[in-house]
Structure formats: C-alpha cells, structure tokens
Amino acid sequence: MSERPFYDNPFDVSSPHVDAEVRRLKELNQRRGAESSTFQEGLLKMLGSLIEMNGLLSMCFVTQDRSRMERCERLAKEVHEKEKALTSYLLSKGVSGEMFEGVIRFPYRLERIGDMLETILHCCRVKVDHDLHFSSTADEEVRQLFLVLDVMLTNLRDVLPCPDRGSLEAMLNEGKRLSQMLGDFTSAHWDRLEKGEIPPEASSIYREILDAVTWANDYLEKMWTSLLTINDLTQGPKTVM
C-alpha cells in the first residue's frame, strides 16, 4: 500500500495529544519554547528570531550598540532551545517517510543559520573591540548582504504556511543571485587586499562574514528544495496508510 504524506500541510503537526506533549516538553529546561500548538508555529517563531537577529546585526555592524549585541545573543539562545524542542516534538509523533525526512531537517537548518548569524555577531564584536574600519565599498557590500538575507528569511516565513511552486522557484533563483553576489564581492575584496587598500585584520573579519552568509544561503537553498519536494508530494494522489 502506498504511503500517504502524514499531513496535508507538512508543517502543521497538531494532534489530539498535543497539549500533553507540550506540557511534558515545558517541564524540561532544555526544551523551552515548545508552547506552540503546531510544529509550523514553532518554525515561524524561529524565523522571527532569525529575522530580528539579522536586522540587529545590520545595525551592530555600523554602530557600537552593545545592547543590540546582547539582544542578538538572547535570540540565538532562543533559536537553539526551539530547535531541540521542535525536533523532539516531531520525533515524538512516530511518523516516517520521504516528506518527514525533509521536514525534520528544518529546525536544524534554521538553527545552523542562527549559528552563522552568531558568527557575524562575533565579527561585529571584534570590529568594535579592535576599532577596525572597513572601506565604504565593503560597508555597502555588507549592507547589501543583510538586505538580501532579510528578504530571503522573510519570504521563507511568508511562504511556509502555504508553499507554492512559483514562489519557491523564485526564491531558489534569489539564492543563486546571492551566490553570484558573494562571488563578486569575494573577488573584489581580494583585489583591494592585494592593492593594500585594506588592513589584514579587517580583511579577515570581512571574509568571515562572507563565509557565514555563504553557509546561510546554502541552508536556505536546501530548505527551498525540500519545500519543492514537499509541494510535489502533497499535490499527488493520497491514499490511506
């Protein structure tokens, strides 16, 4: 008998036992944040934290506002906690199959994007502590990266409740555009470094930011691809398990 996708909306994992499950998770300190009535809501909260982190970092990069940096740290901790809670919650459902294999990776991938934003936070701290200055060109390039990340994270949050092929393919193309942008910025940076236009210390921080955004883009691409697969599965014939 063919396997039926275990839910029509792949991120709405509610069940008759959800309240009991949430109470159990709340009792465990490392699983705080499982108050969401659905798996989807938990993912949306993670995305909300990541979007806020990205916005704060765009300001931390050009200012010395340590309160914003501390807020980023708190948001990062929330993302880690939510990943553990959501992954445990999903595993407790006792489901399996191709769709499940794609969905279960979502909390982890969002957490990894959070790790990349934490890397950028570290770069912002070093930049402030060592009074490092970027060229106006590098400043503008980093500003563009924050803007693109904001668009991609926001679009993922918006499309998650109801994925459609057109939007997903558009965002895959946006990811390709970001990859090209990162490649262009990297090449231009090496040219500036070879010409002695930037100090090595600032160069190291800048390259670390580029690497972090590259990894974040890679995880976003994997999620867009998984959503496309899920979209195809949910559009196909459904039979009772």
Side-chain angles (χ1 to χ4, degrees), residues 43 46-66 68-83 105-130 132-157 171-172 174-193 198-225:
L43 293 179
M46 288 185 77
L47 278 163
S49 296
L50 294 175
I51 292 168
E52 185 179 351
M53 283 183 70
N54 183 71
L56 290 169
L57 287 171
S58 68
M59 293 181 281
C60 292
F61 182 75
V62 296
T63 67
Q64 298 186 12
D65 192 335
R66 294 187 183 277
R68 288 193 176 109
M69 295 182 184
E70 291 171 359
R71 173 62 179 163
C72 279
E73 289 181 340
R74 292 195 295 272
L75 288 167
K77 290 179 180 178
E78 290 177 11
V79 169
H80 289 303
E81 291 170 353
K82 288 174 184 174
E83 187 280 328
R105 290 174 172 83
F106 267 69
Y108 164 75
R109 286 169 176 162
L110 290 176
E111 181 185 36
R112 293 296 292 134
I113 292 173
D115 290 341
M116 296 305 105
L117 294 180
E118 283 190 272
T119 295
I120 296 175
L121 173 61
H122 170 73
C123 292
C124 291
R125 287 193 181 281
V126 172
K127 185 173 180 287
V128 169
D129 292 343
H130 295 270
L132 299 177
H133 297 280
F134 284 23
S135 67
S136 59
T137 300
D139 281 339
E140 174 59 21
E141 289 170 351
V142 173
R143 186 188 72 84
Q144 290 183 43
L145 293 177
F146 282 128
L147 286 174
V148 175
L149 277 179
D150 179 72
V151 169
M152 297 183 73
L153 289 168
T154 300
N155 283 340
L156 179 56
R157 183 186 62 185
M171 289 316 301
L172 276 172
E174 186 70 12
K176 293 177 182 177
R177 187 176 77 85
L178 177 56
S179 294
Q180 181 62 52
M181 183 186 297
L182 287 162
D184 292 343
F185 288 174
T186 299
S187 297
H189 170 75
W190 284 115
D191 288 342
R192 293 194 297 268
L193 182 63
I198 50 176
E201 297 85 356
S203 170
S204 176
I205 292 298
Y206 180 82
R207 283 182 279 115
E208 193 165 357
I209 292 173
L210 291 182
D211 287 346
V213 176
T214 298
W215 278 106
N217 188 39
D218 182 66
Y219 286 113
L220 282 166
E221 180 182 7
K222 286 181 170 64
M223 284 187 282
W224 294 120
T225 301

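With contacts defined as side-chain heavy-atom distances shorter than 4.5 Å, the pair Val142/Val213 does not qualify. Side-chain contact check for Val79 versus Leu117: every heavy-atom pair is 4.5 Å or farther apart. Considering only heavy atoms from C-beta on, His80 comes within 4.5 Å of Glu118 through its side chain. The closest side-chain heavy-atom distance from Ser49 to Lys82 is below 4.5 Å. For the pair Thr119 and Asp115, the minimum side-chain heavy-atom distance is 4.5 Å or more. Leu121 places none of its side-chain heavy atoms less than 4.5 Å from the side chain of Met53. Counting only heavy atoms from C-beta outward, the side chains of Leu57 and Cys72 approach each other to under 4.5 Å. Residues Tyr206 and Glu141 form a side-chain contact, since some pair of their non-hydrogen atoms from C-beta on lies under 4.5 Å apart.
In this structure, Cys123 and Ile205 approach most closely via the heavy-atom pair CB-CG2, 3.7 Å. Considering all non-hydrogen atoms of both residues, Phe106 and Met223 come closest at CZ-O, 3.6 Å. In plain terms, the two heavy atoms of Met69 and Cys124 that are nearest each other are CE-O, 3.9 Å. Closest non-hydrogen pair, Pro107 versus Met46, comes out as O-CE, 3.5 Å. When every heavy atom of Gly114 is checked against every heavy atom of Leu50, the shortest pair comes out as CA-CD2, 3.5 Å. Nearest approach of Cys60 to Arg68, heavy atoms of both residues: SG-CB, 3.5 Å.
Partners of His133 by side chain to side chain donor-acceptor pair (under 3.5 Å), not counting sequence neighbours, listed by chain and number: Asp131. Evaluation of the salt bridge (Lys or Arg N to Asp or Glu O under 4.0 Å) rule for Asp129 yields Arg66 as partners, not counting sequence neighbours. Annotation: salt bridge (Lys or Arg N to Asp or Glu O under 4.0 Å) contacts of Arg74 (sequence neighbours excluded): none. Residues passing the salt bridge (Lys or Arg N to Asp or Glu O under 4.0 Å) test with Arg109: none are found, sequence neighbours excluded. Listed by chain and number, the residues in a side chain to side chain donor-acceptor pair (under 3.5 Å) with Asp184 are Gln180 (sequence neighbours excluded).
For the atom pair Leu220 CG and Trp215 CH2, the distance stands at 13.5 Å (nearest 0.5 Å). Annotation: the span from Leu110 atom CG to Leu153 atom CG amounts to 8.5 Å, rounded to 0.5 Å. Considering CD of Glu221 and CD of Glu174, their distance stands at 12.5 Å, rounded to 0.5 Å. Between the CD atom in Glu73 and the NE2 atom in His122 there is a gap of 12.0 Å [rounded to 0.5 Å]. For the atom pair CZ (Arg143) and CZ (Phe134), the distance works out to 15.5 Å, reported to the nearest 0.5 Å. Within the model, atoms CG of Asn217 and CD1 of Ile113 stand 9.0 Å from one another, a figure rounded to the nearest 0.5 Å.
When Leu156, Val148, Asn155, Asp150 are each tested for a side chain to side chain contact (heavy atoms under 4.5 Å, CB included) with Met152, only one passes: Val148.
Under a 3.5 Å cut-off, the side chain of Ser58 and the backbone N or O of Gly55 do form a donor-acceptor pair. Without hydrogens or angle criteria, Ser204 side chain to Pro200 main chain gives no donor-acceptor distance under 3.5 Å. For the pair Asn54 (side chain) and Phe146 (backbone), a donor-acceptor distance under 3.5 Å is present.
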(message) Is there a side chain to side chain contact (heavy atoms under 4.5 Å, CB included) between Leu149 and Leu145? Walk through the geometry before answering.
(response) CA-CA 6 Å; Leu149 277 179; Leu145 293 177; 5.6 Å; no
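For residues 198-217, no residue pair satisfies the salt bridge (Lys or Arg N to Asp or Glu O under 4.0 Å) rule, not counting sequence neighbours.
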